[in-house]
Amino acid sequence: MPESLWEGVRRRDRRALARLISRAARGQEIDTIRQLGPPQKPARVIAITGSGGVGKSSLIGKLIEPLRQRGRTVAILACDPESPLTGGALLGDRFRMGAALDDGVYIRSLAACSGRQAIADHLDAVIRLCEEYGFDWIIVETVGAGQGDTAVRAWADLVVLLLQPETGDELQWEKAGVLEVADLIVIHKADLPGADRAAQQVRAALELAGGTIVPVILVSSRTGKGIAELLDALESLPSKSRRGDDVHAFLNEAQQELHRRLRDPAATSLLALWRSGRIDIHEALRRLWELTGSPQP
Ligand SMILES: Nc1nc2c(ncn2[C@@H]2O[C@H](COP(=O)(O)OP(=O)(O)O)[C@@H](O)[C@H]2O)c(=O)[nH]1
Ligand SMILES: [Mg+2]
């Protein structure tokens, strides 16, 4: 266990963060990261999804500067090894120069992190590392149109779906799961014709589906239209419980309860009993549950 890397992350050392992220993305340190338990300061984790070319990278690039102006630190995880964000291509010259000095922004591309479980697990760990470092916001650019890809729910507080006018995306809106997974829908490239109509169609589709009506916001990364409104919405929308489905939410809380009890001084001998095979896991859990646990340090 590279202890110094952990200390580095807590000291806000970029290189330590980068190295631990590389390890986590390869599936190393996953258990250690899991054992950290819930973060002291949870970040707001936002997934930006939408099909390729809809403008996810462009939009994220536009969010950085106003976010910094609002005093937020932000980590951006681009699930695209060739993301134009990492090269700084989408960040304005002025910002790019400032960014080198600004330790409130961290941009990192990762190999594809779609809905596949193993990779989503690693993404979870990478997010947790960024939380340990202390970022206020973590924005993840995900690949794919999110068709039925409810996996994002497992790690995102808010899911933003980008659609654009007139590209045949309309056909996909009806597909189960695409709109449902989103907490906020952006009609992107609102500088193009047809954006208003697209917004109307989406609103109609949402009403038809009958679920919660999510905000639909017109945004153009090219002109800046709607960026402030989008940020306001992202700041004010209530976080869905991360690990959104009931099973994950339950397991998450149960794990916290177990961690609390494991800090009880009596837990050590209990674990030794279990390790030696003298009690089985059911008996160990039963006894562990009776411990009060120590107060949070
Ligand atoms: N008209 C218009 N084009 C945009 C806008 N934002 C991005 N684009 C263009 O859309 C293309 C894809 O953008 P990109 O951010 O790479 O999309 P991604 O694949 O979803 O990350 C690029 O050619 C951008 O210049 C916008 O607000 N308006
Ligand atoms: Mg992109």
Side-chain angles (χ1 to χ4, degrees), residues 25 45-67 74-93 95-96 99 105-116 119-120 123 126-127 137-147 149 151-152 155-156 158-173 175 178-179 181-199 201-202 215-234:
V45 183
I46 296 172
I48 307 280
T49 72
S51 27
V54 74
K56 299 178 294 295
S57 302
S58 309
L59 179 60
I60 293 170
K62 287 288 176 202
L63 292 179
I64 297 172
E65 194 163 356
L67 262 177
V74 59
I76 290 156
L77 304 172
C79 297
D80 171 5
E82 274 150 38
S83 171
L85 280 168
T86 351
L90 287 172
L91 312 175
D93 279 338
F95 184 74
R96 209 182 319 167
V105 182
Y106 178 75
I107 303 175
R108 173 70 185 248
S109 61
L110 301 166
C113 34
S114 60
R116 276 177 296 137
I119 293 163
L123 184 58
V126 172
I127 288 170
W137 283 38
I138 299 169
I139 299 179
V140 186
E141 176 181 348
T142 68
V143 287
Q147 287 144 354
D149 179 12
V152 289
W155 46 260
L158 290 175
V159 179
V160 178
L161 173 66
L162 266 59
L163 299 170
Q164 58 181 322
E166 315 272 1
T167 53
D169 258 353
E170 290 93 334
L171 301 173
Q172 297 180 358
W173 297 347
K175 278 193 198 160
V178 182
L179 296 180
V181 93
D183 301 302
L184 192 154
I185 292 173
V186 165
I187 307 297
H188 196 227
K189 307 192 186 178
D191 53 291
L192 297 179
D196 287 317
R197 211 191 51 141
Q201 286 178 345
V202 170
V216 178
I217 301 179
L218 290 155
V219 178
S220 167
S221 295
R222 195 155 283 175
T223 66
K225 172 193 159 86
I227 296 281
E229 193 191 343
L230 173 61
L231 275 175
D232 288 343
L234 291 177

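Just follow the structure's listing: the first ligand is 1, and inside any ligand the first atom is 1. Since the model is a prediction, treat every value here as computed from it, not as a measurement.
Looking only at distances, a side-chain donor or acceptor of Asp183 sits under 3.5 Å from a matching main-chain atom of Val159.
Here Asp196 pairs with Leu218 under the side chain to side chain contact (heavy atoms under 4.5 Å, CB included) rule; sequence neighbours left out. The side-chain hydrogen bond (donor to acceptor under 3.5 Å, both in side chains) check on Asp232 picks up Arg70, with sequence neighbours excluded.
Taking 2.8 Å as the criterion, Ser57 counts as a coordinating residue of the Mg ion (ligand 2), since one of its N, O or S atoms falls below it.
The N/O atoms of Val219, backbone and side chain alike, include none that comes under 3.5 Å of an N/O atom in ligand 1. For the pair Gly52 and ligand 1, the shortest N or O to N or O distance does not fall below 3.5 Å.
One option in Lys56, Lys62, Lys225, His188 has a heavy atom closer to atom 6 (N) of ligand 1 than any other, and that option is His188.
For the atom pair Ser109 OG and Ile76 CD1, the distance stands at 12.0 Å (nearest 0.5 Å). Note: Ser221 OG to His188 NE2 = 2.5 Å, rounded to the nearest 0.5 Å.
Applying the 4.0 Å criterion to heavy atoms of Ser58 picks out, from ligand 1, the atoms 6 (N), 7 (C), 13 (O), 14 (P), 15 (O). Atom numbering of ligand 1 starts at 1 in the shown order; those under 4.0 Å from a heavy atom of Glu141 are 21 (O).
Within Glu141, OE2 is the N, O or S atom that lies nearest to the Mg ion (ligand 2).
Looking at heavy atoms from C-beta onward, Ile185 lies out of side-chain contact with Pro215 at the 4.5 angstrom threshold.
Screening Leu184, Val54, Val219 for a side chain to side chain contact (heavy atoms under 4.5 Å, CB included) involving Leu162 leaves a single residue, Val54.
The side chain of Leu192, and not its backbone, has at least one atom closer than 4.0 Å to an atom of ligand 1 (non-hydrogen atoms only; side chain from C-beta on). Only the side chain of Asp191 comes within contact range of ligand 1, with a heavy atom under 4.0 Å; no backbone atom does.
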